[in-house]
Protein chains: 2
Amino acid sequence: MDLRQMRFVVAVAEELSFTKAAARCHVSQPPLSRAIRELEEELGLQLFERDTHSVRVTLAGQALIADVRVALSALEKGVESARRTAAGLKGALKIGFGGSTVYSLMPSLVRRFRSSASDVDLEFSAMPVLSQIEALRSGVIDIGLLRLPIFDELIETRFVHSEPLVVALPEGHELLSRSGPVAMSSLRTSKFITYEPTRGFNFHSDLLALCRLSGFNPEITHQVPTTEAVVGIVACGEGVAVLPASAERLRMKGVFFRPLNAKRIPEHLSQVRFGLAWCKEGAPATALQFVERVAPL
Amino acid sequence: MDLRQMRFVVAVAEELSFTKAAARCHVSQPPLSRAIRELEEELGLQLFERDTHSVRVTLAGQALIADVRVALSALEKGVESARRTAAGLKGALKIGFGGSTVYSLMPSLVRRFRSSASDVDLEFSAMPVLSQIEALRSGVIDIGLLRLPIFDELIETRFVHSEPLVVALPEGHELLSRSGPVAMSSLRTSKFITYEPTRGFNFHSDLLALCRLSGFNPEITHQVPTTEAVVGIVACGEGVAVLPASAERLRMKGVFFRPLNAKRIPEHLSQVRFGLAWCKEGAPATALQFVERVAPL
DNA sequence: ACTCGGTCATACCTATGGAGTATAAGCATG
DNA sequence: CATGCTTATACTCCATAGGTATGACCGAGT
């Protein structure tokens, strides 16, 4: 038995006519007749009862055809499934997210992706940016959601959106008496809480640049890995912090946020850029699909 | 895609080697390599990643192969199913049973058949013998369980077993004072209850022959269609009845059974023969299978 | 009753392509 | 570096799927 015979048999069973079935299968009638006769001989079973004017399906034929239909549709499904897998619309995708991306970037991106690629099984890992880069290289994650820029020759990135900076001030801080943006220079005497300086994650150095631009070197009292930790320590009254605006969503008792006055600060310092990262080589199709669906060029 | 390619793909995925897969498929390696390359080209998808020393299945390949396996096994199942259907081991079988066959013949035959042909859907119809013959000819039933002999040129029969005759006597009948077999001649003065005389069903005429053999003409007071009715009317005290031994299983208040003394009675009259009947032409395979399983020659 | 139109089966030819053998090319392992 | 395994390529042969032409058969319609 081969696929050709399978399709022929199904067509004859549906048309109850060799001629019509042949037309449907885009072959002439004699080859179809012969193919079916050969199949019957191969199986040693009569599948159709036919005389010169009518065709009936035998019980054995019905039994066979029911399963042939199943086989044909499984095949069709398989091809479609393979296509979707190759296209990255089906399969698995491991997403790493870090820093404050969870507050703004991740939910909207994942929702957007899910709505157009519902067959992809997502797996999430919260991890700091540095770990993300290593995780990308080792295949632990396929896509990283993180702060840009990243400098790694094996990693490709794409910008998604940027946020202004805000200043987190502890309850009782003198600057809270005035409303409106806070100038960097007015933080000259404050103590700073910030992220740990890690390779590839440059928020720390950006803070130093910001302060120097305003003519002072910040006094950094604590360096912790996560946004939650930074804001938590600010809440303790230990100091102030400069953070991406989405950190404002972390409503924590004892902490108030003010926009940072961005006048006279170059954009690459006053805006935090977020985006995607993936391996240039060996990234699964789902990752590339994610990139294109979520952040088309 | 054709079946050949499907089998090749599955073999390569399982062996992770073109050479071994080719051996398993009983072809040499080059045709297999080519077939798979052609399939990949046809689908526009890479199914295997291969270098000169190792073969890996791509994600798309895995997706395809999963469904190909389903298709292949559906096909195998279909062929098997068709074979069983053609052989009469699968499908439907309509069984008609009549008279007293339900007391002995039917349960044992059906159990025997079920144990060896569990895929056949049975359908039962209780019907008198005459109706069975017509039902067989019209295809309402495929197999009849009935009293033999049947004389119909389109119907074939096979003997299964025979029973002796018994006499059903109403409570208070004089012959009940003695135990042991009852001679036909001692019923000379009794009134008789018997089956309706119907074409093809010859119990009635057999009773007349029995009585005449003992030198009397029976006085028949009631003629009813079923064994239950005959025994019921005996229970009313309206007369006696001669019945197949299995009728004894009809334990009815006011009725007692005695063996019929079979001495000097020819066997065709003293024994009731039961068996199967089916159409000589056009009987479904399940009916023929039933006959051979249940009453092999 | 007979012709006509439609059906499925048969005969035969052509050409596609599947299978084989021989061989090359590439990468591990010793 | 050589050997031995792998997969890929080149080329030939023939089995067979497909086509055209035709035959056999049956039902419908005149």
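Everything quoted here is computed from the prediction, not taken from an experiment. Just so it is clear: chains get the letters A, B, ... in the order the sequence lines come, proteins before strands, and each one is counted from 1.
The listed nucleotides are D/dG18, C/dC8, C/dA22; the one nearest the side chain of B/P30 is C/dA22. Taking the side chain of B/F8 as heavy atoms from C-beta on, and the options D/dG18, D/dA8, C/dA19, the nearest nucleotide is C/dA19.
Among the protein residues, A/S33 comes within range of the sugar-phosphate backbone only, with heavy atoms under 4.0 Å from sugar or phosphate atoms but none that close to a base. Within 4.0 Å (heavy atoms only), B/S17 reaches sugar-phosphate atoms of the nucleic acid but no base atom. Nucleic acid contact for A/Q5: none, since no nucleic acid atom lies under 4.0 Å from a heavy atom of the residue. When heavy atoms are screened at a 4.0 angstrom cut-off, B/S28 is found touching base atoms of the nucleic acid.
With rounding to whole Å, B/Q29 atom CD is found 15 Å from C/dT23 atom P. Remark: P of C/dA9 and CD of A/E38 are 13 Å apart, rounded to the nearest angstrom. Distance B/L32 CG to D/dT9 P: 14 Å, rounded to the nearest Å. For the pair A/L3 CG and C/dG17 P, the computed distance is 16 Å after rounding to whole Å. For the pair B/L39 CG and D/dA8 P, the computed distance is 14 Å after rounding to whole Å. If you measure from atom CD of A/E41 to atom P of D/dT16, you get 13 Å, rounded to the nearest angstrom. With rounding to whole Å, B/R56 atom CZ is found 16 Å from D/dT6 atom P. Between A/E15 atom CD and C/dG6 atom P there is a gap of 17 Å when expressed in whole angstrom units.
In this structure, A/R34 does not reach the C/dC8 phosphate: none of its side-chain N or O atoms is under 4.0 Å from OP1 or OP2. Taking side-chain N and O atoms only, A/T19 has a distance below 4.0 Å to OP1 or OP2 of C/dC8. Using a 4.0 Å cut-off, some side-chain N or O of A/R37 falls inside it from OP1 or OP2 of C/dT10.
Classification of A/E14 and A/R69 as a salt-bridged pair holds, one side-chain N sitting under 4.0 Å from a carboxylate O. Ion pairing between a basic and an acidic side chain is recognised when a charged N comes within 4.0 Å of a carboxylate O; B/R158 and B/E292 show such pairing. Salt-bridge formation is not detected for the pair B/K94/B/E123: no Lys NZ or Arg NE/NH1/NH2 atom is positioned less than 4.0 Å from an Asp or Glu carboxylate oxygen.
The residue among B/R4 and B/D51 whose nearest nucleotide of DNA chain C lies closer to the 5′ end is B/R4.
With hydrogens and angles left out, the side chain of B/H53 and the base of D/dG4 share a donor-acceptor pair within 3.5 Å.
Judged purely by distance below 3.5 Å, without hydrogens or angles, the side chains of B/S138 and B/E134 never pair a donor atom with an acceptor atom.
Atom CD of A/E281 has 12 or fewer heavy atoms from other residues, nucleotides or ligands within 6.0 Å.
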